[in-house]
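Data block below; observations after.
Keep in mind the model is a prediction, meaning the values are calculated, not measured.
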Amino acid sequence: MSVQNFEETFYRMTPTETSDGQGGRTRTFVQGAAVSVALYCDQSLEAQKALAQGVKGIYTLNFAKTITLAYDEYLKRAKDNTYFRITSRPADNESPSVTTLNRRTATAERTELTT
């Protein structure tokens, strides 16, 4: 069984800023392109400590190298509209070019979108 069997549909959430009419800015998110990502919940001791300190959940994302996700990008899981923020640089964690895996991983946290 390959990791692709565990992929789910996620949507990229693109932030946009507009004037609030009073000299400030309002940040909103627009649903973007769909991407296929395998998501795994981190159950390590370090993750459990972070959960005790208020982090909502620590996850590992696994996806094809052709998908260019970035640090601090937001994704929305299609099946339940849960939001995740990427907390590492995916380009730092990719399979070597000598393999046929062609995958990247990144850490993420479950979050809420704030405006």
Side-chain angles (χ1 to χ4, degrees):
M1 189 175 288
S2 69
V3 71
Q4 288 89 344
N5 293 38
F6 298 98
E7 289 181 347
E8 302 175 64
T9 300
F10 285 78
Y11 295 102
R12 298 176 99 148
M13 300 303 293
T14 305
T16 59
E17 288 191 3
T18 56
S19 172
D20 66 3
Q22 300 176 353
R25 309 286 291 167
T26 300
R27 181 174 149 181
T28 58
F29 288 85
V30 177
Q31 182 173 302
V35 292
S36 291
V37 175
L39 177 75
Y40 307 95
C41 185
D42 187 346
Q43 297 293 321
S44 67
L45 183 57
E46 292 82 11
Q48 291 177 26
K49 288 179 185 177
L51 289 169
Q53 295 174 356
V55 174
K56 292 184 180 177
I58 299 173
Y59 297 84
T60 299
L61 307 173
N62 187 295
F63 50 94
K65 277 187 186 181
T66 56
I67 300 172
T68 55
L69 298 177
Y71 172 78
D72 205 31
E73 185 170 347
Y74 289 83
L75 300 174
K76 179 174 81 170
R77 186 166 48 192
K79 73 177 182 183
D80 61 3
N81 295 330
T82 300
Y83 295 98
F84 298 88
R85 184 179 72 86
I86 297 175
T87 58
S88 67
R89 288 189 58 221
D92 290 343
N93 297 299
E94 61 182 46
S95 57
S97 58
V98 296
T99 70
T100 59
L101 292 175
N102 295 321
R103 307 290 291 177
R104 288 187 176 146
T105 62
T107 56
E109 65 180 351
R110 193 175 69 228
T111 189
E112 300 292 326
L113 291 184
T114 57
T115 56

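For the pair Ala34 and Thr9, the tightest heavy-atom approach, listed with the atom from each and the gap, is CB-CG2, 4.0 Å.
For the atom pair CG of Asn62 and CZ of Arg103, the computed distance is 4.5 Å after rounding to the nearest 0.5 Å. Expressed to the nearest 0.5 Å, how far OH of Tyr71 lies from CG of Asp92 amounts to 12.0 Å. In this structure, the separation between CG on Leu61 and CD on Glu7 is 11.0 Å, given to the nearest 0.5 Å. Note that CG of Leu69 is 13.0 Å distant from CZ of Arg89, once rounded to the nearest 0.5 Å. Note: Ile67 CD1 to Arg104 CZ = 9.5 Å, rounded to the nearest 0.5 Å. Distance check: Thr18 OG1 to Arg27 CZ gives 12.0 Å after rounding to the nearest 0.5 Å.
Side chains of Ser36 and Glu8 form no contact here, defined as non-hydrogen atoms less than 4.5 Å apart. Looking at heavy atoms from C-beta onward, Leu39 lies in side-chain contact with Phe10 at the 4.5 angstrom threshold. Side chains of Glu94 and Leu101 form no contact here, defined as non-hydrogen atoms less than 4.5 Å apart. Between Leu113 and Tyr74 there is a side-chain heavy-atom pair separated by less than 4.5 Å.
Using cut-offs of 30° and 60° on the angle between ring planes, the pair Tyr59 and Phe84 is perpendicular.
A donor-acceptor contact shorter than 3.5 Å is absent between the side chain of Ser88 and the backbone of Ala106. Without hydrogens or angle criteria, Arg12 side chain to Glu73 main chain gives no donor-acceptor distance under 3.5 Å.
No continuous path of hydrophobic side-chain contacts links Leu75 to Tyr11 [ILVMFWY only; heavy atoms under 4.5 Å].
A 6.0 Å sphere centred on OH of Tyr83 holds more than 12 heavy atoms belonging to other residues, nucleotides or ligands.
Applying the side chain to side chain contact (heavy atoms under 4.5 Å, CB included) criterion to Asp20, with sequence neighbours excluded, gives Gln22, Thr26.
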